[in-house]
Amino acid sequence: MNRVINDPNQVTEDSLAGVLRAHPDLLTATDHPRVLRCAGPATSRVGVVTGGGSGHEPAFLGYVGPGLVDAVAVGEVFASPTAKSFHAAFREADRGQGVACLYGNYAGDNMNVKMAVKLAAKDGIQVETVVANDDVASAPADEADRRRGVAGEILMWKAGGARAAEGADLDGVIAASRKAIDNTRSIGIGLSACTIPANGKPNFSIETGTMEVGIGHHGEHGIAVLPVAPAREMAGIMLEKILADLPFDGEEVAVLVSGLGATPLMELYLLYGHVDEMLRARNVTPRHRFVGNYFTSLEMMGVSVTLCRLDGELDRLLRAPARSIGLTVAGS
Amino acid sequence: MNRVINDPNQVTEDSLAGVLRAHPDLLTATDHPRVLRCAGPATSRVGVVTGGGSGHEPAFLGYVGPGLVDAVAVGEVFASPTAKSFHAAFREADRGQGVACLYGNYAGDNMNVKMAVKLAAKDGIQVETVVANDDVASAPADEADRRRGVAGEILMWKAGGARAAEGADLDGVIAASRKAIDNTRSIGIGLSACTIPANGKPNFSIETGTMEVGIGHHGEHGIAVLPVAPAREMAGIMLEKILADLPFDGEEVAVLVSGLGATPLMELYLLYGHVDEMLRARNVTPRHRFVGNYFTSLEMMGVSVTLCRLDGELDRLLRAPARSIGLTVAGS
Amino acid sequence: MQTISLGDAGPITLDIARAVVEAQDHLSAIDAATGDGDHGINMAKGFRLVLERLGDRPFDLRQGFATIGDTLLGDIGGSMGPLYGSFFTEMSEALNGRDTLDRDGFLAMLRAGEAAIVDLGEAKVGDKTLIDVLTPSRQAFERAAGSGADFAACLAALRGAAADGLEATRDLVARLGRASRLGERSRGVLDAGAASCELILRTLADGLTRHLAGQPG
Amino acid sequence: MQTISLGDAGPITLDIARAVVEAQDHLSAIDAATGDGDHGINMAKGFRLVLERLGDRPFDLRQGFATIGDTLLGDIGGSMGPLYGSFFTEMSEALNGRDTLDRDGFLAMLRAGEAAIVDLGEAKVGDKTLIDVLTPSRQAFERAAGSGADFAACLAALRGAAADGLEATRDLVARLGRASRLGERSRGVLDAGAASCELILRTLADGLTRHLAGQPG
Ligand SMILES: Nc1ncnc2c1ncn2[C@@H]1O[C@H](COP(=O)(O)OP(=O)(O)O)[C@@H](O)[C@H]1O
Ligand SMILES: Nc1ncnc2c1ncn2[C@@H]1O[C@H](COP(=O)(O)OP(=O)(O)O)[C@@H](O)[C@H]1O
Ligand SMILES: [Mg+2]
Ligand SMILES: [Mg+2]
Ligand SMILES: [Mg+2]
Ligand SMILES: [Mg+2]
């Protein structure tokens, strides 16, 4: 695996240094080396925090910015940030109105957030959490609280960030974030493995000619290993799994097709075409459309599809202006 | 190679279908199936056209949009668009004030544009061209007209598109575009090969543990095959080659670090950090900074660095608002 | 009554840290079978930092455990940072106000550490996690103490139970963490966290036992 | 004077298209040695479309060449579309207003095609391109015609020169196109475009020769 790195154990630090040099207008360093906050003056409103392992760029730090996330805790590659860095992110984001911590359902993140919330309580900072569990492939519907959070988190951040920017109180921001993720389902298909730089070799494998349906963002096993299907069938398999879990008939949705890293953009668009066509055939209209490398897994090949059922509020929140590395909405 | 495609000979069509479904607000189909134009009403001004092979997404079609390119001719994967599609793009972009065709220096593109310009002349459409040759590794300085156009084309489109939006006449748009590319130099390092879907296997190879310095966007041979160096040294090698060709002492520059496809974003930022640091050490200030997958080569691993020496005009043109799949500038 | 001065016991912190660092590849190899192969990396990274931070200044066991706890919580993310971090932090806090450690003090300390891990991770015995070492070890110590065994004998009971607990994880199906996605496929191999937990408890017990026997180091 | 009716010669267009389609893998293999291995793909794609478009309606050689030219220009990008596209377009236009083809008409047609390629691609003999087949072939025909040879003999001279020109590309170093990046490494193998050009000229010459001999098809 040929990489653009120095010391494989320092990739997170080294990469953060570059991010800060590239985006001084968007991101600012803090006292905690693994916490970045939104550049610019802090207005008095609810703070929005997220955090997660590195290697998913532009997630998580790429969604810090006006109208989105206020502060982010950055973990090692594929590892939860520490409790102390979540705590520091809460302190950065708090302006006296409380903090909404919007993160993904992984054991490490759950524990570190839980500890950080306790630490913040001692500082008198109120933190409420929403934990994303949009990955339909990671557990059956009746164990939905075991499901992982994946690319749907982006829509949760967008909704929560927009609601905070509107001036809602903490309950309001939490409610909007929860509504977003509760109406969101995702599923991924993995087409090749990836390698954590510090490990030097992949810790899972996907044979050429096969695809792992329901793969997780760290190579977690999916629900089926099948021969690689044409893109049209991939779209069908993914939509079927999503729609079985949350029927979307006759509604408007946001669709997010994200590459897992190494799959060319032209293939993501190709897949989007089929998803769009199939949704419309079911009388579901894609109102917001995102196609690109929004939530990746290093250099994994593959793709994820996320659908979010919209109501008037979610539509408004997704439409609200926002600026970040990963997502810019001009506003209308 | 596991791909998200249907028929490998139809990837370009299939992908275009998805692009049009995803971005009706940005891109519109035309009578020519391989030509897209900017959505929305056409104001009376100079038209800007580009075109090139597919597989470099978001280039080329990802730079169509307000403040950027008006119409694009789309080729097969890694192959120039036809003369007739360039011609059709000229017709789409022309509003009676002439067309600036801003493209890259490849044999096929040169020939097809040349023929298309002749065809357009018969329609009474005036087309002037600027051919980008920013890749310093593709020929020595005294044969600069043999150099390939690479990621620097994006800055040429941005400058030309902004100048057209300002209402400049054809000469003015051509002059700004030429100034942009004349002040721009790029170089790439390839870390793995890529596979054209219709071919099924890569037509070049890069051994693990080696890097091809100066690689072209289709895997064209570079100037040296070296053992993979730490990112810090990669940055040094690339900057040295660029700065030797066009000294930047004491000036402001735009820096564009683009991944070639499969190299993770965290590595691109890591490299950017070194480039930024080294430039500042030479008293060169990165005024505009772009880090991402701006101009790719399917799933090739590797990275390219582009520097553009700024004057007041280029700074203003890069700052001007623009909206497209690949590049959005909010304006200030 | 067998007691050890916390000051004398301080260097056991270093024994634990060195043991974990040395076991890096072993622990990662176990994790690779059912998890993502990084348990050794995560643990060694944390305990290498501990070794750096403890440096050459003198410290007692309470301070040593506090440093481990702080380092894991502050610098090691994932699950191990909070789990082992609060384990050592709570054990350190259980030693507050004491100068010496005896059998009942040790039991109270271990209970505090175990409670912190259970509170945070919500693992139960049988889930194929480090709890499958920790809980039976604490129980064995407790039983021995209940039947009147001295500190050294209780530590021996703990050691034995830790080893048995580790070995027993081989037959379990993971129900928590990364390995749980494997279902039945996780049966037949040890659990990585159980292996590190056994190593930590064994090193601690060995160090204390040596002190009780009057031969520290 | 040997002449052929353009109507009779029309089906030679199909011969050419079929020959190129059949040679797909052969041409790609040659291109793979110094280029990007797609010459056969590019050419076959174009000529397959030509076969589709020509369909079953009758057409003469002028119309056949016009269809090739249009198809290559309209549907085949890269270098081959414009180069061979204008080659056939210009040859077709050289036949405008004629019903038959004779020796001098053929020479005029070939010159027009060659001029279009040179004008567009600016390749010179020795650059290791299809020009290394096309120009010597045209010259051989011209020389033969100058010394009074009949149409069939001129075509035979062209065929021989095309084969020699192709073989000679083996010793050349590419100076144009993708292969030029290879420098000295491009020596020792044939040029792909030269191979397709030899195939096209040979198939054309063979077809016309058969007609001259009164045995078309
Ligand atoms: N909820 C939990 N409670 C206790 N131990 C746990 C829990 N979840 C996981 N573990 C332990 O963590 C170990 C894996 O640690 P490690 O590999 O460092 O982290 P990760 O699983 O994040 O890669 C497992 O072998 C298991 O013993
Ligand atoms: N300027 C030129 N003039 C004439 N022929 C050329 C020129 N450039 C390239 N060629 C021919 O094109 C051939 C390669 O064609 P092909 O592989 O289809 O296109 P590409 O090089 O774009 O992949 C070369 O073998 C050479 O004969
Ligand atoms: Mg891990
Ligand atoms: Mg692990
Ligand atoms: Mg070729
Ligand atoms: Mg080619």
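Chain A is the first sequence line, chain B the second, and so forth, proteins listed ahead of strands; every chain is numbered from 1.
With a 4.5 Å cut-off on non-hydrogen atoms, A:K118 touches chain C through its side chain but not through its backbone. Looking at C:I76, only its backbone comes within 4.5 Å of chain A, counting heavy atoms on both sides.
Summarising the geometry, atom CE belonging to A:M115 is positioned 6.0 Å from atom CG belonging to C:L120; distances are rounded to the nearest 0.5 Å. One finds the CG atom of C:D75 at 7.0 Å from the OG1 atom of A:T82 (value rounded to the nearest 0.5 Å). One distance of note links CD1 of C:I41 with CG of A:N9; it measures 7.5 Å at 0.5 Å rounding.
Residues that satisfy the salt bridge (Lys or Arg N to Asp or Glu O under 4.0 Å) test with C:R170, not counting sequence neighbours, are C:E167.
A:D142 CG: more than 12 foreign heavy atoms inside a 6.0 Å radius.
Of the listed residues (C:S79, C:P82, C:S28), the greatest number of heavy-atom pairs within a distance under 4.5 Å of chain A belongs to C:P82. Chain C forms more heavy-atom pairs under 4.5 Å with one residue of A:K114, A:E76, A:R34, A:H32 than with any other, namely A:K114. Heavy-atom pairs under 4.5 Å with chain A were tallied for C:G77, C:G85, C:G78; the largest tally goes to C:G78. Note on C:G81, C:G74, C:G37: by heavy-atom pairs under 4.5 Å with chain A, the leading option is C:G74. Ranking C:L83, C:L72, C:N42 against chain A, the residue ahead of the rest is C:L83, based on heavy-atom pairs under 4.5 Å.
Residues of residues 46-62 of chain C lying under 4.5 angstrom from chain A, judged on non-hydrogen atoms, do not exist.
A salt bridge is defined here as a Lys NZ or Arg NE, NH1 or NH2 lying under 4.0 Å from an Asp or Glu carboxylate O, and A:K84 with C:D70 meets this definition.
Of the possible polar contacts, none joining the C:D38 side chain to the A:N199 backbone as a donor-acceptor pair under 3.5 Å is found.
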